[in-house]
Structures are given as C-alpha cells and as structure tokens.
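Quick notes on the structure that follows.
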Amino acid sequence: MISPKNKEFDFYLDNIARNLSITDSMFNKAVSSYQAVGTWLDEGLQEYSVTILPQGSFNLGTVIKPTSDKDDYDIDLVCLVENKKKIASPKDLKQTIGKRLKENKIYCGKLSEEGKRCWTLEYDEFHMDILPAIPKSDKFDKENNADIKITHTDNRVDYFFKESNPFEYKKWFMEKANLIKPEEVMFSRSMEAVEKVPTYSKTTVLQECIKILKRHRDITFEQNDDDAPISMIITTLSGLVYDGTQSISMALELILNKMDDSIERDPNGIYKIKNAVNRKENVADKWKKVPNKARCFYEWLKAAKNDLIIDNIKVHGTDEICKFLGGKLGENMVKKSFED
C-alpha cells in the first residue's frame, strides 16, 4: 500500500526525473554524431566485418543532463570487428580503430589521448566513447551468444583483452525494469552496420530512480568528480535489488537500503561488485587501485539515504520540499519540476 506521503513524493520525483532527461535536441545531436562516426569506421575497415552498437546510458534510457553548461554528457558505442582478416592482438585492434579515426580531419581534431579501453571524441556538448571489441566466439550472435572481448591497457605498452557483454546486460536491465521494448529495430545479421540508438517513449520506475541517483551523485561530487561512483556501479546495484515496485519513493528507499548488500569483500579487503551477466567482471575494479573511491561511495550512499528516503526528510509543504530537494538535486532543475 502506497501512503499519501509516498504518493505526494512520487508526484514530485516523477517530474524531477522527467526534467533530468536530455532534450530532444541534445539526443539528436549525439545520435547523429554516433551514426556518422559509425559509418566512417565501417566504410574504412572493409577488410573486416564491422558492426557499430550503442551501449551505456543512451542504450538503457538513463542518460541525464549535465549539472551545468561546463559539463557534458556522453554516448558510448561498441565497434565490433569480426575477423575476415585476422587481428593479431588487442593492441592491433585498438590502433586500427584509432588510425581510422585519425584519418578524418574532423575526428582527428576531436580525438583525446588514448584511454585505457576507449577512444574518445570531444564535442561541444557531449563526448563519445568508442570501445574496440571482437567476438569471443566465431559464432557470435547478439541474442544468444553475445560475449565479446574488449581492449584494455594501463600503460599504452601492454595490451590485453577483457570479457564483456553489454548486450546481455541490456536484456537483463530491461527485464529488471519491466521495460516496454524500445522503438528500435532488433538486431539481425541482415541489418545495417550501424545499429540504431533506442528511443524510449515511456520510462520506468527503475530508470527514473537511476536518473535521480546519478543526479544526486553529480551534485555531491560537483567540485571533485574523480572519485564519484561510476554509473555502471549505480545501475548494477540498483537493478540487482529492485523488486518491481511502481512507487518511485518506495523504490528509492529499497534501493538505497539494500544497495550495498551486493558488494563483496574478499579476505584481502578487495571490493567486488560482480557484473549481473558476467560474474568474472568486477565493475568496482578501480577501487583496488584507488581505495578512496570505495570510501567516497559509502559516504555518498549515506548522504543519499538522508536526502532521498522520505522518512528522513524533515520538511513539510511544497515550498520547503522544493527548497530541500533543490539543494540535493539542483535548484533550477527542481524549481522547474515543481513549477511544471
């Protein structure tokens, strides 16, 4: 049973989550650039079979506006290269993708230094992370056999592959969120090389909770975002405990109270948050190298409980609630949500 207080907060939080979504213009700019980059990579790597696929928050419907004009949002893509011509090593794969990007005068000017896993293109409002990958199996099938191997380097000298499966992760997330299928063309071997980015005409409670949690994180770490919990951690931990409730306020309470139940710690003190579909992958692997990230996560979780679980909010009336949430989620955005 949803209490009157929960219903009131659900109304506020639903409007806030809607206002956190990027605008149609922002979406279209990123998607247009994604399609152009995908086409450039596909056309220039004809000795391989190339498929460009979306991943990350755009693919899951959890992308949010940046907190200020100084910040940006991101769109992630997988550049999946299947071997007509054998790629010898992860370094070869990474450098092949980078070389093709550098051949374009526009992309060469936007290209950041090589990242550990991705190549990144910097645009005015957003950035694009391009993840080189190959299928784990010769019989790759996105619906049934979709494990991939992605490039990784810590020093730009030694390269190796890590296993991942963003496609299975999306299917898991959709199931957990009870998502209506996005308006997209489902993957098949006959489709275009650049897969469409999904659009969501409706958002679910789980999607909205994750948007609110990501916004709270962004405000909390506005002055120092290096140690902010990554979206993959927030999304994974939220999905693991979400039970399908259709009340945003009750779902937030459940998620925040149980979020750390899925965090393991081995006898050596190493934290592990296992990917929901790839148990070999530790999505908190950076916590080992930078222990401060774990401390910052738990500090953020404590603050989020105080700020977003309604039984802990000691204010009453629309004006007081608006002012309180504005301090935690962004004053202008919350004010607009209440005015709406």
Side-chain angles (χ1 to χ4, degrees), residues 17 21-22 27 30-31 34-35 37-38 50-64 73-82 117-118 126 128-137 140-150 162-189 191-211 213-214 230-244 251 255 262 273-284:
S21 300
I22 61 174
F27 180 88
V31 170
Y34 157 89
Q35 292 171 334
V37 171
V50 177
T51 309
I52 307 298
L53 308 114
Q55 69 161 346
S57 57
F58 264 79
N59 205 29
L60 301 177
T62 59
V63 63
I64 61 172
Y73 53 104
D74 67 301
I75 182 168
D76 303 322
L77 65 88
V78 176
C79 181
L80 185 67
V81 178
E82 297 184 69
R117 296 187 180 184
C118 299
F126 62 92
M128 182 186 303
D129 288 332
I130 300 161
L131 178 65
I134 61 172
K136 181 181 177 182
S137 166
F140 176 82
D141 182 306
K142 186 176 169 234
E143 297 303 315
N144 303 301
N145 187 23
D147 290 330
I148 61 175
K149 296 193 290 186
I150 62 176
K162 284 190 172 184
E163 292 185 16
S164 185
N165 194 329
F167 322 113
E168 192 67 27
Y169 186 91
K170 179 186 175 181
K171 288 165 63 176
W172 166 79
F173 183 81
M174 291 177 69
E175 182 179 346
K176 291 293 294 187
N178 299 314
L179 281 168
I180 299 170
K181 278 189 177 180
E183 299 160 3
E184 63 176 330
V185 179
M186 296 305 291
F187 182 90
S188 71
R189 280 283 151 226
M191 72 171 294
E192 296 180 356
V194 183
E195 183 174 310
K196 292 182 178 179
V197 177
T199 56
Y200 293 88
S201 57
K202 296 181 181 179
T203 53
T204 66
V205 167
L206 180 56
Q207 284 173 309
E208 293 185 344
C209 284
I210 290 171
K211 288 180 181 182
L213 291 172
K214 287 167 65 174
I230 61 173
S231 296
M232 181 65 169
I233 287 177
I234 292 175
T235 302
T236 299
L237 293 178
S238 298
L240 286 171
V241 299
Y242 177 65
D243 65 355
I255 289 169
S262 300
I273 301 174
K274 294 180 180 178
N275 186 315
V277 299
N278 179 10
R279 307 298 287 175
K280 295 180 181 178
E281 180 182 4
N282 177 15
V283 299

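Position 1 is the first residue of the sequence; numbering continues from there.
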*Which value, rounded to the nearest 0.5 Å, describes the distance between Ser57 atom OG and Ile64 atom CD1?*
8.5 Å
*Looking at Ser238 and Leu213, what are the two nearest heavy atoms and their distance?*
OG-CD1, 3.7 Å
*Looking only at non-hydrogen atoms, find the nearest pair between Val50 and Cys79 and report the distance.*
CG1-SG, 4.0 Å
*List for me each residue that meets side chain to side chain contact (heavy atoms under 4.5 Å, CB included) alongside Gln55, sequence neighbours excluded, and say none if there are none.*
Asp76, Val78, Leu131, Pro166
*Does the side chain of Val81 come within less than 4.5 Å of Pro132's, by heavy atoms?*
no
*Set of residues satisfying side chain to side chain contact (heavy atoms under 4.5 Å, CB included) with respect to Ala146, sequence neighbours excluded*: Phe140, Asn165, Phe167
_Partners meeting salt bridge (Lys or Arg N to Asp or Glu O under 4.0 Å) with Lys149 (sequence neighbours left out)_ = none
*Check Asn178 against Gly244 and note the closest heavy-atom contact, atom names and distance.*
ND2-CA, 4.1 Å
*Which pair of non-hydrogen atoms, one from Val63 and one from Lys211, has the smallest distance, and what is that distance?*
O-CE, 3.9 Å
*With sequence neighbours left out, write down each residue that passes ring pair (Phe, Tyr, Trp, His ring centres under 6.0 Å) with Phe126, or none if nothing qualifies.*
Tyr73, Tyr123
_Would you compute the distance between atom OG1 of Thr204 and atom CE of Met174 and round it to the nearest 0.5 angstrom?_
10.0 Å
*Taking side chain as C-beta onward, heavy atoms only, is Phe173 less than 4.5 Å from Ile210?*
yes
_Once side chain to side chain contact (heavy atoms under 4.5 Å, CB included) is applied, do any residues pair with Ser231, and if so which ones, sequence neighbours excluded?_
Lys214, Arg217
*Who pairs with Asp129 by side chain to side chain donor-acceptor pair (under 3.5 Å), at least two apart in sequence or on another chain?*
Thr120
*Any donor and acceptor pair, going by atom type alone, linking the side chain of Lys176 with main-chain N or O of Gly239 inside 3.5 Å?*
yes
*Ala251 to Val205 - nearest heavy-atom pair and separation*: CB-CG1, 3.7 Å
*Nearest-0.5 Å distance that lies between atom OG1 in Thr203 and atom CG in Leu60*: 13.5 Å
_What I'd like to find out is whether the side chain of Ser137 reaches to under 4.5 Å of the side chain of Asp147, using heavy atoms alone._
no
_Note, Tyr34 side chain near Pro54 side chain (heavy atom, < 4.5 Å)_ = yes
*Listed by chain and number, what are the side chain to side chain donor-acceptor pair (under 3.5 Å) partners of Ser262, not counting sequence neighbours?*
none
*How many angstroms lie between atom CH2 of Trp172 and atom CG of Leu240, to the nearest 0.5 angstrom?*
4.5 Å
*Which heavy-atom pair separates Ala30 from Phe58 by the least distance, and what is that distance?*
CB-CZ, 3.7 Å
*asked:* Going by side chain to side chain donor-acceptor pair (under 3.5 Å), name the residues that satisfy it together with Thr236, two or more places apart in sequence or in a different chain.
replied: Tyr169
*What pairs with Lys171 under side chain to side chain donor-acceptor pair (under 3.5 Å), at least two apart in sequence or on another chain?*
none
*Starting from the C-alpha separation in whole Å, work towards a yes-or-no answer on side-chain contact (heavy atoms from CB on, under 4.5 Å) for Thr62 and Tyr200.*
CA-CA 10 Å; Thr62 59; Tyr200 293 88; over 6 Å; no
*List for me each residue that meets salt bridge (Lys or Arg N to Asp or Glu O under 4.0 Å) alongside Glu281, sequence neighbours excluded, and say none if there are none.*
none
*Residues two or more places apart in sequence or in another chain: which of them pass side chain to side chain contact (heavy atoms under 4.5 Å, CB included) with Ala284?*
Ile233, Ile273, Asn282, Trp287
*Below 4.5 Å, heavy atoms only, C-beta onward: do Leu206 and Ile255 meet side chain to side chain?*
yes
